[in-house]
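Notes follow once the structure below has been shown.
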Amino acid sequence: MTELSQAKPSISERALQASASGARYLAGLNDEQRTAIETVDGPVLVLAGAGTGKTRVLTSRIAHILAAGRAYPSQILAVTFTNKAAREMKERIGGYVGDAIEGMPWLGTFHSIGVRILRRHCELVDLKSGFTIIDTDDQIRLLKQVIEVENIDKDRWPARQLAGLIDDWKNRGLTPERVSKGEAFAFANGQGAKLYAAYQKRLKELNAADFGDLLLECLRLFQSHPDVLQDYHRRFKYILVDEYQDTNVAQYLWLRLLAQGSPNICCVGDDDQSIYGWRGAEVDNILKFEKDFPGATVIRLERNYRSTGHILAAASGVIAHNQGRLGKTLFTDDEDGNRVTVTGVWDDEEEARGISDDIENLGKAAEDLNEVAILLRASFQMRAFEDRFVTLGIPYRVIGGPRFYERQEIKDAIAYLETANNPLNDLKFERIVNVPKRGIGDTSVRKVRELARARGVPLFQAARDIVETEEIGGKARRSLAQLVRSFERWRNQIETQRHTAFAEMILDESGYTAMWQADKSPQAQSRLENLKELIRFMDEFETLAGFLEHVSLVMDTEQANDGQRVTLMTLHAAKGLEFDTVFLPGWEEGLFPHQRALDESGLAGLEEERRLAYVGLTRARRTAKVSFAQNRRTRGLYQSATASRFVDELPEDHIEIQQSQSPFGGSYSNFNNGFGNPYGASRFDEPAKRFESSYDTPGWQRAQSQWRRQGEKSRRGPKLIEGELVASSTAAQSSFSIGTRVHHQKFGFGEVVEVDGNKLTVEFEGNGRKRVVDTFVQAA
DNA sequence: GTTCGCTCACTTTTT
DNA sequence: GTGAGCGAAC
């Protein structure tokens with residue numbers, strides 16, 4: 001949409017051309033997919049199992065509607081959950097119908113479309129044009145103030161908890177007056193709803209909306225202004241929804257209101273992949289679709305194009321233990337392939353070692369490491385693998401952690417820019433008023449806030465006024481005065497230079513860059529890098545205002561695909577992705593299924609965990625490896641663990657027990673005996689029986705299959721160059737020598753004390769001795 | 001106002 | 001075992 005417009009045929013002409021050119025989008029579809037695409041009239045629910053071509057159907061359906069001339073691009077509402085999904089859809093539709101996609105203004109996330117609607121009618125929901133969207137940090141800062149003003153003990157009732165409750169209420173479409181008495185008691189002895197109302201009032205005063213409001217305020221708008229709703233009814237001829245199983249009540253109500261205008265709503269989803277119940281998703285939405293939309297056509301996509309037979313059967317076997325499913329039977333025409341391997345190991349350390357060794361071997365066998373992933377239940381499990389990868393020199397990427405725009409330094413920088421751009425944004429001003437530290441503490445800020453409230457002016461103006469008085473004294477007064485002057489000076493230059501230069505100027509003159517330059521922590525270097533990256537990214541926008549609007553809504557950036565890397569991420573983050581080889585470690589009771597899911601949500605929680613297991617298994621195309629540890633170090637304590645019940649739910653015919661390579665190898669499961677497995681007899685109680693001779697052991701079989709694989713690979717042609725990208729213990733002597741000062745991304749600065757091939761032992765300042773591979777450090 | 005040190009908690013997370 | 005957040009000491 002940011003592209004320059006040039007002379008080209010009209011959208012409808014191009015759409016027609018696309019159709020005339022042989023309906024590219026219909027090629028290679030199976031019958032069910034074709035039905036899902038061509039049934040454009042009336043409500044349609046597409047139950048798309050994992051790997052059955054869900055996105056393909058959604059995008060082709062849009063292409064079909066356009067090509068058949070059923071609607072203009074601007075008459076199609078297509079909603080997704082993430083920016084990434086929206087982006088992918090745009091790209092794929094673009095591939096089918098050419099540039100016609102540019103005319104699809106209503107393809108986006110629930111939130112971005114919500115904003116779009118609210119911006120057009122903001123005055124009807126008590127907002128002024130140019131209202132700001134606040135993030136979680138701002139939300140909590142604001143709630144802290146609200147709690148303080150209402151004289152509630154902030155230690156007993158933390159703002160964070162209230163934020164959670166309010167989010168939850170908003171997810172369920174509840175305005176303050178509709179929060180039930182009982183629920184209001186969840187916070188500060190029944191004052192929950194009152195605080196929620198006070199928070200909403202403050203938001204309006206600040207001319208701001210939080211993420212929940214983007215939907216909730218739309219609902220309020222539609223309900224109180226039927227004429228506006230009717231306008232959208234006339235506009236949208238077709239509605240499409242991605243990942244319908246993840247919709248919450250507010251989103252469901254939003255869709256239902258919009259769908260009153262046209263019965264042509266098509267929801268695509270998979271009840272078996274509903275894993276976001278804890279953040280408000282209602283599986284019920286998908287389960288009762290036929291009731292909500294009478295006469296709905298339900299289409300099941302059950303042909304899987306992703307995984308081999310054994311993997312698919314294993315995943316299906318596990319998910320079959322869930323009650324209350326709509327039920328699908330996935331099948332594939334692919335070969336059976338490898339069985340899902342199950343390995344029991346002594347402890348988490350051995351698990352990390354074993355998996356890392358496997359991956360190192362895959363690397364040596366010139367396998368594509370971008371096609372290997374480790375999927376975990378919780379992010380604390382990542383550390384063991386990262387440590388191991390760093391030692392072995394296996395390149396990896398972590399998906400999930402704090403996103404670019406969620407990093408402290410990026411938020412601070414944006415707060416500076418936003419304050420310069422919009423003096424009315426109190427929350428951003430408050431964020432950076434004392435960052436870097438300039439002697440303006442809580443007391444001073446509170447005084448400024450009191451003045452602002454008393455006079456009904458923005459914080460920034462109150463700050464400018466207060467420094468003229470004796471209200472605050474000494475250093476604080478001088479610093480604040482200087483900060484105010486700086487901002488006024490910056491604002492004068494906002495028009496006179498390019499926004500990237502402007503940003504650099506602010507970050508330098510405010511002392512923000514200097515703050516990180518002076519910081520000795522290991523991450524300071526990468527924070528500075530991130531700030532540079534931010535400036536580079538800004539360059540892609542025309543104006544500062546355009547950039548700021550983008551970042552408030554789009555919290556992700558494309559991660560560059562830089563070479564061969566193993567992927568490390570949570571099971572949640574893995575939904576929608578696929579890999580040739582997937583490792584699934586940590587299948588232990590208490591961790592997976594997680595104890596808290598069981599405690600807090602009982603059977604529903606267990607079933608959601610089981611769906612997570614299903615999601616994990618179905619990410620694998622060719623190889624899936626499940627493992628569990630007998631002992632795990634959690635919270636600093638070494639504790640014994642039992643294999644997850646999901647391990648025993650894997651269907652016998654599709655798994656293969658793989659021996660661990662530990663020195664105690666093979667006899668691990670005896671440790672279960674005597675302690676009494678609460679989930680009944682496990683196949684792991686009798687490990688020896690399955691293998692009559694040593695040539696029958698999984699270890700031997702695996703060795704054989706590995707030889708076979710290597711043979712195949714080398715016949716296909718040399719991949720040696722890629723193989724060498726992976727550091728191995730036989731690599732050449734490092735160019736670093738003893739005594740060299742080096743810098744490491746994670747451990748900071750240190751001195752090389754030993755060199756062994758390409759592996760260095762480095763004494764890190766404050767982090768102790770670590771063995772690292774030389775490619776992970778730079779000379780400092 | 002800032003810094004140090006203690007205590008607490010610790011699943012998953014998009015917008 | 002570790003990081004965040006808060007209260008008490010500088």
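To find a chain, count down the sequence lines: A is the first, B the second, and so on, and within it residues start at 1. Bear in mind that the values here come from a model prediction, so they are computed numbers and not experimental data.
Counting non-hydrogen atoms under 4.0 angstrom, A:S444 reaches the backbone sugars and phosphates but no base.
Using a 30° and 60° split on the angle between ring planes, A:F592 and A:F646 fall in the perpendicular class, above 60°. Relative orientation of the A:F541 and A:F537 rings is perpendicular, given thresholds of 30° and 60° on the angle between their planes. Aromatic ring pairs are classed by plane angle as parallel below 30°, tilted from 30° to 60° and perpendicular above 60°; the pair A:H572 and A:W278 is perpendicular.
Atoms CD (A:Q273) and P (B:dT14) sit 17 Å apart, rounded to a whole Å. For the pair A:R87 CZ and B:dT15 C1', the interatomic distance rounds to 13 Å; values are reported in whole Å. Per the geometry, CD1 belonging to A:I275 stands 11 Å off P belonging to B:dT14, to the nearest Å. Residue A:F404 contributes atom CZ, which lies 16 Å from atom P of B:dT14 at whole-angstrom precision. Taking atom CZ of A:F81 as the reference point, atom C1' of B:dT15 lies 11 Å away to the nearest angstrom. We find that CG of A:D210 is positioned 17 Å from P of B:dT14, with the value rounded to whole Å. Put simply, CD on A:Q251 is 12 Å from P on B:dT15, counting in whole angstrom units.
The phosphate of B:dT15 has neither OP1 nor OP2 within less than 4.0 Å of any side-chain N or O from A:S552. Using a 4.0 Å cut-off, no side-chain N or O of A:N434 falls inside it from OP1 or OP2 of B:dG1.
The one candidate from A:Y244, A:W254, A:W106 that meets the side chain to side chain contact (heavy atoms under 4.5 Å, CB included) condition with A:V79 is A:W254. Of the candidates A:K144, A:K428, A:R431, A:D137 forms a salt bridge (Lys or Arg N to Asp or Glu O under 4.0 Å) with just one, namely A:R431.
Heavy-atom nearest nucleotides on DNA chain B were determined for A:E608 and for A:T109, and the one closer to the 5' end corresponds to A:E608. If you find the closest nucleotide of DNA chain B to A:L214 and to A:G441, the one lying nearer the 5' end belongs to A:G441.
Salt bridge A:D347/A:R633: absent, no basic N to carboxylate O contact under 4.0 Å.
Across B:dT12 and C:dG5, the matching P atoms stand 16 Å from one another, rounded to whole Å.
Atom OH of A:Y276 sits about 7.0 Å away from atom CG of A:D246, to the nearest 0.5 Å.
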Just by protein heavy atoms under 4.0 Å, how would nucleotides 3-11 of chain B read 5' to 3' in B, S and -?
S------BB
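The span of DNA chain C lying next to chain A, judged by atoms under 4.0 Å from heavy atoms, is bounded 5' to 3' by C:dG1 to C:dG7.
In this model, a donor atom of one side chain and an acceptor atom of the other lie less than 3.5 Å apart for A:E430 and A:Q145. Using a 3.5 Å distance cut-off with no hydrogens or angles, the side chains of A:Y614 and A:R610 do not pair a donor with an acceptor.
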